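No hydrogens, no waters, no symmetry mates; every other heavy atom, side chains included, goes into these values. Source: prediction; values computed, not measured.
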Amino acid sequence: MTAEPVYDETLVPAHTLPDPLAPFPDGSIITAAGWRNVRRREIRNLFAEHVYGRTPGEGPAVAFRIIESSRDALGGKAVRKQVQAVLRGNGQTRTLNLLVYIPAQRDGPVPSFTGLNFQGNQTIHPDPAIRVPGAQVDAAPRGSKADRWPLEAIVDRGFALVTLHCNDLFPDHPQGRAAGIAPLFPQDDVQTPDAWGAIGMWAWGLSRVLDYCAADPDLDATRVAVVGHSRLGKAALWAGAQDQRFALVISNNSGCGGAAISRRRFGETVAAINQGFPHWFCPRFHTYNDREDALPIDQHMLLALVAPRPLYVASAQDDLWADPRGEYLSAFHATPVYELLGHTGLTSEAMPPVNQPVGSRIGYHIRSGPHEITAYDWAQYLRFAAKHR
Ligand code: GCU
């Protein structure tokens, strides 16, 4: 059993965060070029070895095919496309089901948001044409998560949306690996200390969405924002950290193993997350249960891997399990890397008041209310993405 969660700031243990810009072993300081050419890769490798597991270099062949499209979706506002990414590797096949909405009114390729959904494409909007692949009997109801996906608002602002169900990549339970994409990769050995888990595979899938964006002439692959809520926010961060083609990265209430500082042990801890979700991280991450101080990184360094690209981190006031203050401090402590690369980050160690977004290159807000992704959150992401468009 893991210990009771700590929700009292005075009980946060004293800790020292690793410095993303610590001098090189020969004593030389890190310049912008030193960050880009050396340190960035070192830190990314540390996250692969110790936290999320390594993303294999070789993977299945991917072929995209459009299986349905309409020029008359959302009452004429949008073009809808339903696309299969067919993956072949190790003699096996899997299909990722991408759902795409593109503004009907556009002058050229449009910027987009991409993110995974928790319960199936049909949940993101009541549109009856959204396909429900697989076993339809167990499928979550159409439109049941529409509050999380303000599709009309996204399209009205000139953005496309591309989403897929995270379970197409790794069904989200400890025995999910075999039914997901893992068997398509050479030598998938779950015992290896740096074997990737669900978060790694979800992130891999987000990069395949980017490949799709690059192949669709209606989409501008140089302007794709990756967004995710909670566990899927952890995946969005890891995707954005690894794949620098993502132009903008958004973490919504991603908490432990996402934006929040692990060493604070506030709310969900490393031990709690590994116990609750043993399939999310690599085996080595489990050796840091109750030993956060031994980690060679902390999560501010994951956010620093997004630099110099725009980054948005959002918390919710009642979402103490995700440690809102730890999420804010993480963005704050990523700031020196943004500054090294010529941008301002967050300048105050003090959190902003509730419902008062701050920041320009690094955006942050803490919303009133619970663990959720809401219209308020999306309004901030749309504003932030439009500013950086
Ligand atoms: C659990 C888990 C979190 C996760 C959340 C979610 O609460 O402990 O780490 O972010 O589920 O995905 O909603």
Side-chain angles (χ1 to χ4, degrees), residues 1-20 47 50-52 199 228-238 241 250-278 280-281 285-304 311-335 345-346 348-359 362-373 377:
M1 279 301 289
T2 48
E4 280 295 299
V6 166
Y7 292 127
D8 177 347
E9 194 62 34
T10 66
L11 298 179
V12 168
H15 59 274
T16 307
L17 291 179
D19 179 0
F47 277 102
H50 297 269
V51 183
Y52 303 107
I199 293 174
H229 170 58
S230 206
R231 67 197 69 186
L232 302 179
K234 309 180 209 293
L237 285 173
W238 182 225
I250 302 167
S251 154
N252 190 89
N253 305 184
S254 63
C256 181
I261 297 287
S262 301
R263 281 169 174 75
R264 284 173 46 82
R265 302 187 185 187
F266 187 103
E268 187 170 32
T269 60
V270 170
I273 205 167
N274 282 328
Q275 184 181 350
F277 306 94
W280 283 1
F281 299 90
F285 192 55
H286 294 233
T287 68
Y288 294 102
N289 292 349
D290 303 316
R291 272 189 352 115
E292 290 85 346
D293 287 316
L295 278 162
I297 44 70
D298 210 315
Q299 298 303 112
H300 63 305
M301 293 161 79
L302 182 70
L303 302 187
L311 164 72
Y312 203 106
V313 174
S315 308
Q317 189 178 25
D318 302 341
D319 185 18
L320 295 181
W321 181 239
D323 187 12
R325 182 164 175 73
E327 294 179 317
Y328 178 78
L329 286 173
S330 199
F332 172 73
H333 289 294
T335 292
L346 295 174
S348 168
E349 193 163 357
M351 283 177 81
V354 170
N355 299 332
Q356 291 187 32
V358 292
I362 304 180
Y364 177 86
H365 71 253
I366 174 164
R367 164 181 57 71
S368 50
H371 183 69
E372 192 43 89
I373 181 166
D377 298 315

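E4 CD: 12 or fewer foreign heavy atoms inside a 6.0 Å radius.
Of the inter-residue distances, the one linking D323 atom CG with Y328 atom OH reads 14.0 Å to the nearest 0.5 angstrom. S262 OG to H15 NE2: the interatomic distance, rounded to the nearest 0.5 Å, is 10.0 Å. Separating the CD atom in E349 from the CZ atom in F332 is a distance of 4.5 Å, to the nearest 0.5 Å. In this structure, the separation between CD1 on I250 and CG on D377 is 10.0 Å, given to the nearest 0.5 Å. From L303, atom CG reaches atom CD1 of I362 across 7.5 Å, with rounding to the nearest 0.5 Å. A distance of 5.0 Å separates NZ in K234 from CH2 in W280, rounded to the nearest 0.5 Å.
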Evaluate the criterion side chain to side chain contact (heavy atoms under 4.5 Å, CB included) for residue pair L302 and W238; output intermediate values, then yes/no.
CA-CA 7 Å; L302 182 70; W238 182 225; 3.8 Å; yes
Could you walk me through whether E327 and S315 pass the side chain to side chain donor-acceptor pair (under 3.5 Å) check?
CA-CA 7 Å; E327 294 179 317; S315 308; 2.7 Å; yes
T269 and N274: CA distance, side-chain angles, deciding distance, side chain to side chain contact (heavy atoms under 4.5 Å, CB included) verdict:
CA-CA 9 Å; T269 60; N274 282 328; over 6 Å; no
Carefully, step by step, assess R264 and R325 under the rule side chain to side chain contact (heavy atoms under 4.5 Å, CB included).
CA-CA 10 Å; R264 284 173 46 82; R325 182 164 175 73; 3.5 Å; yes
Mind running side chain to side chain contact (heavy atoms under 4.5 Å, CB included) on N252 and S230 for me, showing each step along the way?
CA-CA 6 Å; N252 190 89; S230 206; over 6 Å; no
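Contact of the H286 side chain with the Q275 side chain is not registered, since no non-hydrogen atoms from C-beta on lie closer than 4.5 Å. For the pair H333/D298, no side-chain contact is recorded, criterion being any heavy-atom separation below 4.5 Å from C-beta on. Taking the side chain as every heavy atom from C-beta outward, I261 and F266 never approach each other to under 4.5 Å. Counting only heavy atoms from C-beta outward, the side chains of Y7 and W321 approach each other to under 4.5 Å. Looking at heavy atoms from C-beta onward, H300 lies in side-chain contact with L17 at the 4.5 angstrom threshold. Residues R265 and V6 have side chains not in contact (no heavy-atom distance under 4.5 Å, counting atoms from C-beta outward). When side chains are defined from C-beta on, Y364 counts as touching P352, because their heavy atoms get closer than 4.5 Å. Side-chain contact between F47 and I297 is present, with heavy atoms from C-beta onward closer than 4.5 Å.
Checked against the 6.0 Å centroid threshold, Y312 and H365 count as a close aromatic pair.
Closest approach of A272 and E268 over heavy atoms only: CB-CG, 4.2 Å. Nearest approach of L346 to A331, heavy atoms of both residues: CD1-CB, 3.6 Å. Here the shortest heavy-atom pairing between G258 and Q299 reads O-NE2, 2.9 Å. Nearest heavy atom pair, residue V354 against residue R367, reads CG1-C, 3.9 Å. The nearest pair of heavy atoms linking D319 to P324 is O-CD, 3.3 Å. Minimum interatomic distance between S251 and S254 (heavy atoms only, all atoms of both residues): OG-OG, 2.7 Å.
Judged by distance alone, the side chain of R263 and the main-chain N or O of A294 form no donor-acceptor pair under 3.5 Å.
Side chain to side chain, N355 and S368 meet the donor-acceptor criterion of an N or O pair below 3.5 Å.
L237 pairs with exactly one of L311, L232, I199 by the side chain to side chain contact (heavy atoms under 4.5 Å, CB included) rule, that one being L311.
The aromatic rings of H229 and H371 lie tilted to each other, with the angle between the two planes from 30° to 60°.
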